[in-house]
Structure formats: C-alpha cells, structure tokens
Number of protein chains: 4
Amino acid sequence: MVKKSRAAGRHFLQIPGPSPIPERIQQAMSRQILDHRGPEFAELATRVLRKLKTIFQTQSTVFIFPSSGTGAWEQALVNTLSPGDKVLMAETGHFAVLWRAMAENLGLEVKFLPMDWRTGVDANLIEKELRSDTSHTIKAVCMVHNETSTGCVTNIPQIRSALNATGHPALLMVDTISSVGAMDYRHDEWEVDVSIGGSQKGMMMPPGLSFSAVSPKALECSQNTCFPRSYWSWPEMNAGLDVGAFPYTPATGLIYGLDEAINLITEEGFEATFARHERLAKATRAAVSAWGLETQCRKDTDHSPAVTAVRMPDGINADAFRAHVLSTFNMSLGAGLGKVAGRVFRIGHLGDTNELTILGALAGVEMGLQNMGLSQARGGVEAAMASFSEAQSKATEKAA
Amino acid sequence: MVKKSRAAGRHFLQIPGPSPIPERIQQAMSRQILDHRGPEFAELATRVLRKLKTIFQTQSTVFIFPSSGTGAWEQALVNTLSPGDKVLMAETGHFAVLWRAMAENLGLEVKFLPMDWRTGVDANLIEKELRSDTSHTIKAVCMVHNETSTGCVTNIPQIRSALNATGHPALLMVDTISSVGAMDYRHDEWEVDVSIGGSQKGMMMPPGLSFSAVSPKALECSQNTCFPRSYWSWPEMNAGLDVGAFPYTPATGLIYGLDEAINLITEEGFEATFARHERLAKATRAAVSAWGLETQCRKDTDHSPAVTAVRMPDGINADAFRAHVLSTFNMSLGAGLGKVAGRVFRIGHLGDTNELTILGALAGVEMGLQNMGLSQARGGVEAAMASFSEAQSKATEKAA
Amino acid sequence: MVKKSRAAGRHFLQIPGPSPIPERIQQAMSRQILDHRGPEFAELATRVLRKLKTIFQTQSTVFIFPSSGTGAWEQALVNTLSPGDKVLMAETGHFAVLWRAMAENLGLEVKFLPMDWRTGVDANLIEKELRSDTSHTIKAVCMVHNETSTGCVTNIPQIRSALNATGHPALLMVDTISSVGAMDYRHDEWEVDVSIGGSQKGMMMPPGLSFSAVSPKALECSQNTCFPRSYWSWPEMNAGLDVGAFPYTPATGLIYGLDEAINLITEEGFEATFARHERLAKATRAAVSAWGLETQCRKDTDHSPAVTAVRMPDGINADAFRAHVLSTFNMSLGAGLGKVAGRVFRIGHLGDTNELTILGALAGVEMGLQNMGLSQARGGVEAAMASFSEAQSKATEKAA
Amino acid sequence: MVKKSRAAGRHFLQIPGPSPIPERIQQAMSRQILDHRGPEFAELATRVLRKLKTIFQTQSTVFIFPSSGTGAWEQALVNTLSPGDKVLMAETGHFAVLWRAMAENLGLEVKFLPMDWRTGVDANLIEKELRSDTSHTIKAVCMVHNETSTGCVTNIPQIRSALNATGHPALLMVDTISSVGAMDYRHDEWEVDVSIGGSQKGMMMPPGLSFSAVSPKALECSQNTCFPRSYWSWPEMNAGLDVGAFPYTPATGLIYGLDEAINLITEEGFEATFARHERLAKATRAAVSAWGLETQCRKDTDHSPAVTAVRMPDGINADAFRAHVLSTFNMSLGAGLGKVAGRVFRIGHLGDTNELTILGALAGVEMGLQNMGLSQARGGVEAAMASFSEAQSKATEKAA
C-alpha cells in the first residue's frame with residue numbers, strides 16, 4: 001500500500017462522538033495504573049460516583065460499567081424486566097432501531113411506534129398508547145433523549161407528563177448517551193427511572209465507560225427480575241459502591257479521566273456548557289440553511305444541541321462527500337446511519353469544542369460541498385458568524 | 001482529612017494485575033481519539049485483531065469486548081450454552097468460585113469439584129467425571145488456567161487429554177485472564193474452545209478490554225444458544241470484524257494501547273517473555289522459602305509464573321502487613337481473597353517487570369515482615385539474587 | 001482574583017511561534033529521561049544531527065544548543081568574530097533591531113542600514129555597501145531571513161549574489177529562526193556561512209533548542225576568534241559530536257522531540273510542507289485584503305509564508321483587539337513589537353497547521369474586528385476559502 | 001545492525017542526573033504550548049519565580065535561563081567579573097576542573113587549589129588563601145557544593161566563615177547543580193552571592209533549564225562588568241521579570257514542569273526530602289562497605305546525599321562493569337569522569353526515588369560485581385536493608 005503523505009495540522013473530529021478529548025483529561029488518564037483494591041482507588045471511586053450524580057442531576061444511585069453505551073442499554077433492560085415483558089419504544093432513528101433489536105434479542109416484546117426519523121417523539125402518542133394499555137402490560141417506556149443519527153431531541157419532561165397523566169406505572173428509561181453533559185438533563189426532576197449514558201460524547205472521554213442513574217423504584221425491580229444476568233447485575237454492582245469497591249476490576253484508567261471530565265464541566269458551569277452547545281448548534285443550522293440544504297430534523301423545537309444531521313441533495317452521495325472532506329481537509333464527519341445511509345451526513349458539535357473550531361469545520365463542509373458540485377453552497381460560514389454575533393449581542397444585553 | 005505527605009519515587013505495583021503500564025503503551029493511548037467508523041480505525045482494528053491471534057497462538061476467531069475479564073466469562077457462557085445446561089468446574093480458588101457463581105446466576109447447573117486452593121486441577125479427576133457422564137450432560141468444562149488468588153496453574157493440555165481420552169464432546173473453556181501474555185498458551189494446539197483474556201495483566205494494559213479466542217465449534221454453538229443476549233453476541237460482533245467494524249462503539253483509546261502491547265511482547269519474543277516470568281517467579285519462591293514461609297501453591301509443578309501467593313504465619317494478619325508495606329515502602333501487594341483473606345498476601349511479578357524491580361519488591365516484603373515481628377524473615381533477597389545468578393549461568397551455558 | 005470560567009475547546013495559538021506542538025512530538029517528549037552518556041543517547045544524537053542537516057539542506061556541520069534562538073545569534077557572533085569587528089545589518093524589523101543590540105552589547109561595530117519595516121532587504125543596497133568597503137572591514141553580513149515582527153522575507157540568494165558580485169569575503173549569517181521548516185532554505189546552495197534556527201516555530205517544538213548550520217569557512221574562523229567564550233564554543237561542541245557526545249548535558253527531552261519533528265516534516269515532504277505554508281499565507285492575505293486592511297509587508301515578493309502582520313486602522317489599538325479576541329474566542333494572536341506595538345497584530349500560520357484551522361482563526365479575527373467597531377471587516381473568510389479553492393484547482397490541473 | 005531484544009520492565013536510571021522524571025512533572029510538561037507574551041504565561045512565570053526562591057531559601061533575585069547548568073556557570077562569571085579578574089577555585093573533582101577551564105577560556109585568572117578528588121574543600125585552605133590576598137585581587141571564590149564526579153560535599157557555611165573571618169570582599173559563588181532540591185541549601189543564611197542550579201538532578205526535571213539565585217551585591221556587580229555579554233545579561237533578564245516577561249523566548253514547556261517540580265518538593269516537605277536523600281545515601285554506603293569496596297569520598301563528613309562514587313578494585317574496568325550492568329540488568333550507572341574514568345562508577349540516589357528502588361539498584365550492582373569476578377561482593381543489599389531498618393527505628397523513637 002502506498003503510504004499517504006502526512007496530513008498536517010489538527011484533525012477536525014466533527015463526528016457526534018467520540019468527541020475530542022481535552023488535554024486535561026488525557027493527562028489524567030496518563031497516570032500509572034493503581035491497585036483497584038487499595039485505599040487510593042476507594043477514595044477516587046467514591047468521589048467520582050458522588051460527582052457523577054451532579055451530571056445526571058440526581059440524588060439516586062449511579063453506576064459505572066466498563067462497557068460501551070450499548071452495554072448500558074442491556075443492563076437497564078435486564079435489571080428491571082423479565083423475558084416476555086412488553087416495552088414501548090418509538091422509532092426516532094437508527095439508535096432507537098438498535099435498542100429495539102436488542103430488546104427483541106433479549107426476548108422482550110416491543111411495541112415500536114413508527115416515526116419518520118425527522119422529529120423527537122410526540123408525547124401525545126405515548127400518552128395515547130399508555131392510556132389504551134389499561135391492563136398495564138407495558139412495563140417500560142424507553143426513549144432516546146438525543147437521537148444521534150438524526151439530531152432530533154425528544155422532550156423527556158413531556159413524556160414524563162404523559163406517564164403521570166395516565167397514571168401508568170411503567171418505568172421510564174432514557175438513553176442519554178449523546179445528551180448527558182451536552183444539554184440539560186434532570187434525572188430526578190423528570191422522574192426518570194433509568195438514565196443511560198456513555199463516556200465518549202458530552203463527557204469528552206474515550207469510549208469504554210457507560211453510566212446509569214437509577215431511581216429507587218428501578219433499583220427495587222432489579223431485586224426481582226427473571227433475566228439471567230451477572231456482569232450487569234445492579235445488586236452485585238451496588239453491594240460495595242459506598243466504599244468504592246466494584247464486583248470486578250473497574251476500568252481504572254478511564255475513571256481517572258472521568259474524574260477530571262466532571263471537573264471540566266463543573267468549572268465551565270452547567271448552564272454555560274449547555275448554552276455553548278446551543279450556540280454552536282444554532283450557528284451550524286444557520287450555515288446549513290445558507291447552503292440551501294435541509295437538516296434531517298424538521299421540527300424547530302427538536303433540534304439537537306449536540307449534532308446536526310444534514311440531508312444531501314439527490315445525486316450526491318453523502319459518504320463520497322465525507323470521504324472527500326476527510327482526504328482533502330483532514331476532517332471526519334459523521335455518516336448517515338441505517339435507512340439514511342449515504343443520504344445524510346452529520347456534523348458533531350458536542351463536547352470540548354468552541355466557536356472557531358466549528359467555523360473551521362463549517363468552512364470545510366462548505367468548500368467540500370462546492371467541490372462536490374453543489375455550487376449553491378455558499379455563505380454558510382458567514383451565516384454562522386452572524387449567528388454567533390447575534391448570540392453575543394444577546395448575551396451582552398442580558399449581562400447589562 | 002489530613003493530607004499525607006507525598007510518597008517519593010516510583011510506586012511498586014506488585015499486585016497480580018493491573019500490572020504497571022509501559023511508557024510506550026501509555027504514549028500509544030495518549031493519541032487523540034479517532035472516528036471509529038473511518039478508514040484509519042478500520043486499518044487499526046483489523047491489524048490488532050490479526051496480531052491478537054498470535055498472542056493466543058490461534059488461527060481461529062478472536063474478539064475484543066469493551067468489558068472487564070468478568071464480562072468475558074459471561075460472553076463465553078451465554079454464547080455457547082443454554083439455561084439449565086450443565087458445566088464442570090473445579091474449585092482452584094477465588095476466581096473459580098466467582099465464575100461458578102456467575103454460571104449459577106445465569107441459570108446453569110454447575111458440577112463444582114471441591115479442591116483445597118493449593119494446586120491446579122488434577123486432570124485425572126476431570127477424566128473421571130467425564131467418563132462417568134455417559135449421557136454427555138456436561139456441555140462445557142470450564143478451567144481457570146492461572147488461578148490469580150492462589151498462584152496455581154492448571155495444566156490445560158492434560159485437561160484436553162482427559163476430554164480426548166474419554167471422547168467427551170464438552171466444550172473446553174479456559175480463563176486465561178492472568179496467564180495470556182505471561183506464560184505459554186496455545187489455543188489451537190491445546191484444542192481449547194473458548195479462551196478468555198483481559199487487558200490488565202500479562203498484556204500490560206489498563207483494565208477495560210477483554211479478549212476471547214473461539215474455536216469453530218464454539219462459534220457454531222453461538223448460532224443456537226438459547227440465552228437471551230445482545231451485547232455479548234458473537235454473531236453480532238463477528239459480522240463486521242473482517243472490515244474492522246464493531247456492532248457498537250469500541251474502546252478505541254484502549255485499542256491503540258493493545259496494538260502497542262502486542263508489539264512489545266513480539267519484540268521481546270514470546271519465549272523470552274515467558275522465560276522472564278518463570279525466572280522472576282522462581283526467584284520470588286526462593287525468597288519465600290528463605291523467609292521460612294510457605295507458598296499457597298503446594299505442588300511444584302503448579303507454581304504460577306505470574307503471581308506468588310504467600311501464607312502468613314498464624315498471628316500476623318496479611319492485610320495489616322500489606323497496609324504497613326504500602327504506607328512505609330510505597331508498595332502495593334495483592335490481598336488474600338475469599339477464604340484466604342487476611343491469611344495470604346500475593347506478590348505480582350507479571351507484565352512489564354524485571355529482575356531489579358522484583359528484588360526491590362522482595363526487599364520491601366522482607367523488611368515489612370521483620371517490622372511485623374517476623375524476625376526469621378531474612379535472606380530472601382539474597383536467595384532471590386542467587387536464583388537469578390543460577391538462571392544466568394544456565395542461560396550462558398545454553399548459549400555456549 | 002476571581003477564577004475565570006474555563007474556556008472550552010481547543011485554544012487557537014496563532015502567534016508566529018511557538019507554534020502548536022503535534023501529538024507525535026508531545027508523545028516523543030514524554031519518554032522517561034535517559035543517560036546522556038550511554039549508548040542509546042549516542043545513537044539518538046548522531047541520528048538527529050544527521051537528520052537536522054537535511055532540514056538546513058546542508059552537508060556541513062550542524063550544532064544543537066540548549067538555548068533560545070537568541071542564544072544562537074550570540075554563538076554565531078562570538079565564534080566567528082572578534083570584539084571591535086564590523087558587521088553589516090539591515091533594519092528589517094524588531095528582531096533585526098534586537099540582533100543589532102546584541103552585537104553592540106558584545107562590542108561589535110554595526111553598520112545598520114535603515115529600513116521602514118515593510119519589506120525584506122534590498123540586495124542592491126547590500127551590494128553597494130560591500131562595494132564601497134574596499135578594505136574589507138566588514139567581517140559579516142547578518143540577515144534575518146523571515147522577519148517575524150513584520151512578515152517580510154529577505155531573499156537570501158540575492159544577498160549571496162551581492163557578496164559574490166563584489167568578491168567580498170565577509171561571512172554571511174542568516175537568522176532562520178522563524179523560517180527553517182516553514183519555507184525553502186538552502187544553507188549550502190546559497191553559500192550561507194552560519195544559519196541560525198530555533199525549535200519553536202517551523203520545527204513545531206517547544207522553545208529551548210537552537211540550531212546552527214556552519215560552513216567550513218565559518219568553522220575555521222571559530223579557531224581564531226578573540227571573543228571569550230565557553231558555553232557557545234563551536235570547537236568544544238564539535239569535539240565529540242561524531243560519537244554523539246556533548247560537552248555538557250544536552251536537553252535530552254527536547255532532543256527526543258526533535259527526532260520526531262524531523263520525521264514529521266520528512267513524511268509530509270519538504271515541497272508539500274512549504275507549499276502548504278504558502279497556501280495558508282496567501283489565503284490569510286486574501287482575508288486581510290477583503291477586510292480593507294493592509295499587511296505590514298508592502299512588497300508582493302516579500303510576503304512571509306509563516307506569519308502575516310496586519311496594520312490596524314487608526315483609532316483601534318491592536319493590543320486591545322488581541323485581548324478581546326483572546327477572552328472572547330480563545331485565540332492568541334501575535335503582538336506588534338517594537339515601533340509597531342499597538343498598531344500591528346500578527347497571525348501565525350506556521351508549523352503544524354492546516355486550512356480549516358486557519359479558516360477558524362480568520363473567522364475569529366473577522367468577528368473580533370467587527371466587535372471592535374470595524375464594520376467593514378467582512379468577507380475575509382469567504383476570500384480565504386476562495387483562495388484555497390483556487391489553489392486546489394491549480395494543484396488538480398498540475399497533477400493532471 | 002541487529003536490533004536488540006526489548007529490555008523488559010522499568011529502566012533503573014541510577015546516574016547522578018538526569019534523575020527519573022516523576023509522572024506529575026511529565027504530565028505538566030505535556031500541556032500544549034502557550035503564548036509566552038500572554039497573560040497566562042505572565043501568571044505562570046511570576047508564580048514559578050516566586051516559588052523557586054523557596055528552593056534556594058532566598059529572598060533575593062532568581063533567574064531561569066534556557067541552558068544547561070554549564071550555561072549558568074558562564075552567566076555567573078560574565079555578569080560579575082571582568083576579563084583578567086582573579087578567582088579562587090579548588091579541585092574537588094571533574095566539574096571543578098571544567099569550571100576552571102571555562103573561567104580560563106573566558107580570560108579569567110584562576111587560582112586553583114590542588115586536591116585529591118576525595119574530599120570537599122577544606123575551609124582552612126580557603127581562609128589561608130584569602131588572608132594572604134591582602135590586596136584583594138581575588139574577586140570571587142567559586143565552590144562546587146556537591147561534586148557530582150566524586151560524591152563529596154563542600155561545607156558552604158564554613159567557606160562563608162572563611163570569607164567573613166578574613167573580611168575578604170570576594171564574591172562567593174556556589175555550583176548547586178546536583179545539590180539544590182536534594183540537600184539543604186540556604187542562599188541567604190549562608191550569604192552566598194551567586195548560587196547556580198540546574199533542572200535535571202534534585203529538581204527531577206529534564207535538562208534544559210538553569211537557575212541562579214543572586215545576592216544584591218552580585219546583582220550590582222552586573223551593572224559594571226566589562227565582559228561582553230547579551231544572552232546571559234542579568235540586567236536584561238531582570239528588566240521584565242516582575243511582570244513575567246523574558247527578554248527572549250523562555251523554554252515554556254520546561255517551565256510548566258518546574259512549576260510542578262517545586263510543588264512536589266513542597267508537598268513532601270524540605271526536611272523530609274533531605275532526610276530521604278541522606279537515608280538512601282547512607283544505605284548505599286553500607287552496601288559499598290559490605291562489598292569490601294571504597295567510596296571515592298574518604299571523609300565521613302563530606303559524603304554526598306545525592307550520589308555515591310565507588311572505586312573499583314584494580315583489574316576491573318568500571319566502564320566494562322557499567323556496560324555489563326546496562327545490558328544485563330537494564331540499569332544505567334554513572335561513569336567515572338576525568339582522571340578517575342574507568343576506575344570509578346557512580347550510583348545516583350537523588351531526585352524522585354525511594355528505598356525499594358535503591359535496594360533494587362544495589363542488588364543489580366551486587367550481582368554485576370559478582371559477574372565481573374568480584375566474588376567478595378556479597379551482603380550489600382542486606383547491609384542496606386539493615387541501614388534502612390535502623391533509620392526507621394530512629395525515626396520511630398524520635399516520633400515517640
């Protein structure tokens with residue numbers, strides 16, 4: 001194979017996770033490994049678990065598993081349900097489809113509400129389903145908070161309201177893998193039963209850790225589930241956590257990083273962090289609009305602060321475009337997944353990023369689109385800059 | 001809390017894993033994260049999977065899971081068996097006990113051969129069990145190659161012979177978590193069906209990855225198992241591996257490190273690596289003997305090259321001793337686990353270590369034992385040095 | 001002091017050096033330190049010195065000093081001249097002024113040609129000076145190749161021609177601190193006697209190392225100079241270099257990095273590296289022009305590929321602007337130095353950088369200018385993108 | 001060249017500097033580079049300079065130069081003296097010889113007291129010299145505090161007393177390159193005029209920075225010296241230090257590390273740090289004595305806490321021994337320098353090290369000596385352990 005010439009300068013990693021790892025996290029993870037049964041780790045683990053609760057805005061139990069986010073889906077299901085149980089899901093996009101497949105693989109019965117992959121979940125539909133389930137056969141409602149494949153957000157408080165309005169006892173489980181750390185998420189206030197997160201998106205870490213926040217109700221379920229399980233068992237995991245002891249070797253190197261990741265978010269401030277994500281997302285959408293393209297998300301209230309999926313015009317393959325951008329501009333964009341493969345590309349603007357990085361990224365998209373023959377694709381960076389200026393003006397006014 | 005004064009100098013991490021991470025692996029892992037769906041990762045993943053086969057000395061399929069070694073136990077069981085199946089295990093020590101508990105949690109029936117935690121498994125007993133199982137109700141024989149809690153090795157080729165001698169069709173599954181990379185292990189030659197490894201011991205990595213090598217026969221089983229599973233599913237994991245695609249986000253940062261870890265072993269040479277472990281283990285046992293103490297392993301042929309468990313005399317608590325050594329000499333020793341807790345301590349000598357490090361460690365043990373009132377504990381370092389000299393003489397003779 | 005909120009995302013370090021350090025160099029420098037008198041270092045040092053010659057395009061002697069670039073100026077002067085000697089310099093900008101001050105501090109007599117800080121040196125003026133120096137009292141002509149304070153390049157081959165045309169025996173010394181690695185530089189072909197470089201600009205390293213390439217003629221001078229010197233002594237430094245031995249402890253950590261820095265340049269290719277710098281510089285100038293601003297360099301042939309100095313309109317303080325950009329956009333721009341302090345800011349585009357980074361940086365400048373009330377400052381990023389597109393078209397044509 | 005097999009495990013770097021770099025310092029230095037003219041660096045620089053004063057136990061001015069320690073010698077001389085001035089030095093060992101050569105190279109007249117390289121300087125001899133210098137032609141007394149080539153310490157307070165007793169106005173300059181950070185050093189209390197330090201020994205950093213602490217008297221001298229100088233000029237360096245501004249680009253990456261290095265020493269505590277060095281040195285000497293060898297230092301009061309030089313018996317080449325130890329045990333020992341080359345080897349026990357590391361190192365020396373045919377070399381590690389036990393008993397008694 002001919003060795004390609006070195007691509008100079010910083011790679012622009014604009015996929016919707018893994019997001020670029022800040023230097024301070026990299027340094028934290030470069031510590032020599034330690035004895036996970038010793039006093040130093042016990043102190044680290046209890047501290048990290050305590051801090052992780054603030055990220056989910058919860059007083060409940062949180063868990064850290066050495067697994068991908070997919071593993072967290074599985075632990076949520078097998079700890080609270082039994083084979084044959086019925087769950088309610090909605091087809092927000094590719095990840096909802098995958099979660100459903102997992103549920104079915106595990107032997108659950110899935111009521112899967114059809115959707116067109118271009119909005120978050122309509123809480124009215126959920127309410128309708130729950131209302132008609134008078135015998136309470138639905139054991140859990142499983143929602144993807146931020147559907148990473150489409151850039152659509154589901155309003156979780158509204159889903160909670162649907163449950164409450166109908167007095168339905170189903171558990172509420174939420175996939176926050178690409179939302180937690182990037183947008184406001186309130187496990188307790190929204191009365192979520194199981195919130196599922198991952199390390200490599202809003203948390204700015206490498207992949208390899210999954211998180212879950214678990215309500216007392218869900219935790220109680222885990223005592224009685226009929227799923228055979230061991231690795232994912234909450235009771236086993238929970239047994240020693242108050243003294244920082246795990247039932248098996250934790251991924252200590254990543255936990256060093258998590259400790260620092262939460263510091264970073266705390267130092268910037270939750271509100272500032274979320275506002276930054278909104279600002280970057282809005283500017284990105286301004287660019288998309290200037291290019292005359294459509295975002296995959298077609299509902300104003302549902303746009304994701306973490307990722308923007310862009311629909312390619314007919315005749316241009318989104319993957320060919322991404323390959324061109326990678327080789328020409330040293331930038332990775334997210335692929336369209338599942339049924340929008342080749343027709344959508346995604347711009348990640350989550351984690352440790354900022355205005356100038358996003359403007360550089362948008363410039364790369366704009367030049368790349370032109371190179372693919374889309375001569376209309378102009379003015380996007382200008383529009384994004386204008387969006388930032390407007391945001392700045394508002395912030396200045398607000399401060400005044 | 002009063003902040004302790006900084007402990008100067010290098011910490012001696014002499015637990016039987018995680019083992020100290022070599023600088024080159026740390027550097028490899030400090031790379032910025034990459035797009036796990038891009039061409040660069042595809043190249044990395046296929047290369048690492050190919051190289052990982054050499055570590056298990058296999059031509060069969062290997063998998064890498066983002067999980068601890070415990071997760072690998074689970075994936076081995078749920079991919080090949082069905083609830084209610086019977087497996088044969090033997091109580092080599094704490095980890096055998098844990099694996100059995102997992103199997104029972106998952107709904108398997110375990111025939112658990114009692115042992116005294118001081119030897120590897122006697123293949124004759126296995127043969128006897130298999131021979132009496134004329135109806136072939138035993139679906140799998142599950143062995144721990146190197147029992148980390150006792151420092152006893154089970155001779156896997158002899159177990160294989162027991163299976164072959166009886167013509168029993170049970171699968172052979174072997175936990176190599178603390179052996180692979182540290183001692184000779186031959187998945188193909190020994191006709192093992194599932195070999196289970198982890199990143200943080202002989203492989204010199206942080207915890208967070210598990211490995212498995214899977215025979216064609218075991219792989220076929222995974223098509224038909226009745227266990228509900230998704231995360232651990234071999235068929236799902238296997239679907240895209242030939243092009244470096246994982247069914248969910250792999251722990252990319254750790255995979256960078258694994259790539260380099262295998263380079264390190266390859267550069268030293270398998271034979272040299274294994275001989276070094278043997279040499280360090282032998283010197284450690286020489287020290288233990290000089291101190292007038294017993295190793296937990298009482299059978300000469302079964303001593304582990306990776307870890308030596310030492311029995312404390314009555315009246316001295318092993319954990320108090322370890323705490324003293326930690327605070328006084330900045331060294332972590334392994335705890336006694338399960339039924340030998342407080343009565344055994346363990347000296348890890350696996351992974352990226354060498355003669356002088358082990359001698360420093362043994363000196364710390366020797367001084368610590370004396371401090372605990374064991375005045376007889378003298379001459380251990382001397383004995384270890386003599387052991388190294390003897391090994392060197394033999395090596396010189398052999399080379400001549 | 002109130003702790004400022006954390007600035008998210010990557011800092012844009014757009015000063016004309018130190019330039020951002022690539023990850024591979026950071027990794028190389030994170031190696032544990034080694035014995036600088038041992039065989040491993042000898043091998044490293046001889047390799048690095050050999051490779052460093054390719055950077056200066058020379059077969060002559062090269063030196064590495066643990067010092068800043070300023071130290072390299074001093075070693076050039078004290079090794080080749082004697083107190084009271086006369087040297088010819090030209091006021092290209094701030095660094096020429098500083099070098100002259102050093103020469104005078106050292107007791108040399110400096111003929112300092114006045115210039116307006118907006119061009120490189122006119123070789124005709126040099127030729128005129130040399131021609132009138134019939135008694136050859138001028139012992140050295142000292143030129144700054146790339147004047148970092150103004151972004152003007154002096155054409156060294158033309159200076160050489162001036163020396164040759166007049167048959168003047170003066171040494172030619174060239175400060176390449178901000179040029180070497182970023183633009184074509186040919187120590188041998190251009191018959192330079194002493195070329196002086198530094199680690200932290202085109203070489204992408206932290207500051208702390210200086211380099212010099214020395215012609216045989218200059219090296220001979222160093223045997224006879226009357227300057228008292230020891231640290232900077234070429235004969236002492238040269239004595240053991242062929243076996244990788246330094247007269248005093250070398251900055252080993254930085255030398256690890258230099259080894260890798262040269263690899264990076266070599267892998268990209270010299271021609272590609274220089275073309276990239278030209279491309280980024282041209283796009284930057286296109287932006288400056290679109291904003292209706294002037295570059296400090298006013299001569300088309302003299303624009304620097306490494307840095308662009310921009311003149312602020314009256315009424316806007318360049319330092320206030322830079323402070324605004326730093327606090328608002330997390331970007332460092334270079335200050336105006338010396339007599340253009342407060343009136344010029346500088347955009348570094350040297351070292352390990354690329355199109356998208358420069359576009360992000362230019363976007364920050366554009367928004368910052370607008371925020372400072374310069375409402376005309378529009379269209380710069382657009383112009384830079386157009387410049388890149390044009391460059392790409394040409395490259396494509398050329399390749400076809 | 002045949003590629004050697006990888007040497008496993010941690011390299012034992014037991015030379016008397018550079019000493020092993022602690023992880024926290026490596027992490028600090030792995031930060032991305034910053035603008036050395038920006039506000040963040042100004043804060044860092046002023047903080048580090050303030051903290052550096054505590055290391056020298058001074059309220060006076062301190063400087064940081066991007067240079068080796070040798071450069072610091074030069075800056076001390078050229079800032080305070082004039083060509084032709086007379087200085088008093090004493091031949092403590094190789095580094096005293098080198099410093100003298102530098103002084104002579106610079107045109108100073110050196111009165112060099114002969115010594116046998118086996119003790120520190122006898123203050124009586126200094127007093128005698130000063131007393132006889134009635135016309136005060138001696139402008140400076142230059143002492144090496146810890147002579148790294150021999151492991152002998154000169155008692156600086158006694159030298160100061162000699163100056164005071166004679167009322168001689170000469171400046172007192174002290175090379176603390178291998179002492180500062182490793183043993184008690186009091187610039188102010190001992191009335192030293194120039195103290196010269198380096199980064200790579202007691203300070204646990206890579207080489208590349210030199211330090212000096214300068215008394216008001218010495219600083220005043222620097223206004224009037226006749227040495228041509230620029231890079232080393234104290235007045236130029238001093239001009240902007242109060243606002244963290246350097247006259248030329250500082251070695252920012254190393255300054256990150258220095259900041260953390262001082263933290264480490266402060267956290268351990270000065271007294272604890274110095275006591276640790278004494279303890280390790282004493283144990284090392286106990287080993288040397290057990291082997292039946294002599295230390296190069298033959299005066300009990302003068303033994304260095306940082307390094308022990310060991311005299312080889314006739315017939316064994318010390319460099320052959322060191323080469324054997326390097327290839328066999330992966331340990332670097334210090335070479336004999338100058339007139340004791342080949343006859344002495346040195347064991348560094350300074351910087352970030354501890355008991356177990358030194359015991360491992362001594363074990364390597366002991367086995368190496370035996371391998372070289374010195375069969376008497378036994379019991380050294382035992383003796384060192386006994387020395388540690390005794391130290392511990394005393395510490396326990398003292399605490400009680």
Side-chain angles (χ1 to χ4, degrees), chain B residues 3-12 14 19-20 22-24 26-27 30 204 263-269 272-273 276-277 280 325 328-331 349 351-367 370-371 378-382 384-386 388-389 392-393 396, chain D residues 3-12 14 19-20 22-24 26-27 30 204 263-269 272-273 276-277 280 325 328-331 349 351-367 370-371 378-382 384-386 388-389 392-393 396:
Chain B
K3 178 77 185 169
K4 251 200 54 174
S5 166
R6 186 181 86 90
R10 190 175 71 103
H11 178 69
F12 277 65
Q14 303 301 143
S19 64
E23 186 175 69
R24 280 172 54 187
Q26 284 187 308
Q27 288 174 343
S30 75
M204 308 173 287
N263 288 346
L264 290 182
I265 294 177
T266 308
E267 288 175 25
E268 185 176 2
T273 300
R276 171 169 57 83
H277 280 80
L280 301 177
V325 165
T328 311
F329 299 114
N330 198 11
M331 171 161 66
H349 32 72
D352 189 46
T353 189
N354 58 23
E355 281 82 352
L356 301 196
T357 298
I358 294 304
L359 289 168
L362 293 175
V365 172
E366 185 165 322
M367 293 187 295
Q370 290 169 20
N371 291 344
R378 300 196 174 272
V381 179
E382 291 264 327
M385 286 195 284
F388 285 134
S389 291
Q392 205 184 339
S393 302
T396 310
Chain D
K3 178 78 185 167
K4 250 198 55 170
S5 165
R6 187 180 87 90
R10 189 175 71 103
H11 179 68
F12 276 65
Q14 302 301 143
S19 63
E23 186 176 69
R24 280 173 53 187
Q26 284 187 308
Q27 288 174 342
S30 74
M204 309 173 286
N263 289 347
L264 291 182
I265 294 177
T266 307
E267 286 175 25
E268 184 176 3
T273 301
R276 171 171 55 84
H277 279 80
L280 301 178
V325 165
T328 310
F329 299 113
N330 198 10
M331 171 161 64
H349 34 70
D352 189 46
T353 189
N354 58 22
E355 281 82 354
L356 300 196
T357 298
I358 294 302
L359 289 168
L362 294 175
V365 172
E366 185 164 323
M367 293 188 294
Q370 291 169 19
N371 291 344
R378 302 197 173 272
V381 178
E382 290 265 325
M385 286 194 285
F388 285 134
S389 291
Q392 205 185 339
S393 302
T396 310

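Throughout, protein chains are lettered first and strands after them, A, B, ... in sequence-line order, and every chain is numbered starting at 1. As the structure is a prediction and not an experimental result, all values here were calculated from the model.
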Report summary line: Sequence neighbours excluded, the answer for side-chain contact (heavy atoms from CB on, under 4.5 Å) partners of Ser389(D) is Gln370(B)
Report summary line: Heavy-atom closest pair (Asn354(D) atom, Arg10(B) atom, distance to 0.1 Å) is ND2-O, 2.9 Å
Requested in this report: Mind listing the closest non-hydrogen atom pair of Phe12(B) and Thr357(D) along with its distance?
Outcome: CE1-OG1, 3.4 Å
Query raised in the report: Of the backbone (N, CA, C, O) and the side chain (C-beta and beyond), which part of Arg276(B) lies under 4.5 Å from a heavy atom of chain D, both, or neither?
Result: side chain
Query raised in the report: Can you tell me how far CG of Leu356(D) sits from CG of Leu356(B), rounded to the nearest 0.5 angstrom?
Result: 12.5 Å
**Report entry** Minimum side-chain heavy-atom gap Arg24(B)-Arg6(D) below 4.5 Å
**Finding:** yes
Report task. Check whether Leu264(D) gets within reach of chain B through its side chain, its backbone, both or neither, counting any heavy atom under 4.5 Å. Result -> both
Query - Gap between atom CG of Asn371(B) and atom CD of Gln392(D) - 0.5 Å precision - result: 4.5 Å
Query - Close side-chain approach of Glu366(B) and Glu382(D), heavy atoms under 4.5 Å - result: yes
Query raised in the report: If you count heavy-atom pairs under 4.5 Å between each of Met385(D), Arg378(D), Glu355(D) and chain B, which one has the most?
Result: Met385(D)
Report task. Heavy-atom distances under 4.5 Å only: say whether Ala272(D) touches chain B with side chain, backbone, both or neither. Result -> neither
Query raised in the report: With side chains defined as the heavy atoms from C-beta onward, is the minimum distance between Gln26(B) and Gln26(D) less than 4.5 Å?
Result: no
Query raised in the report: Which heavy-atom pair separates Ala363(B) from Leu359(D) by the least distance, and what is that distance?
Result: CB-CD1, 3.6 Å
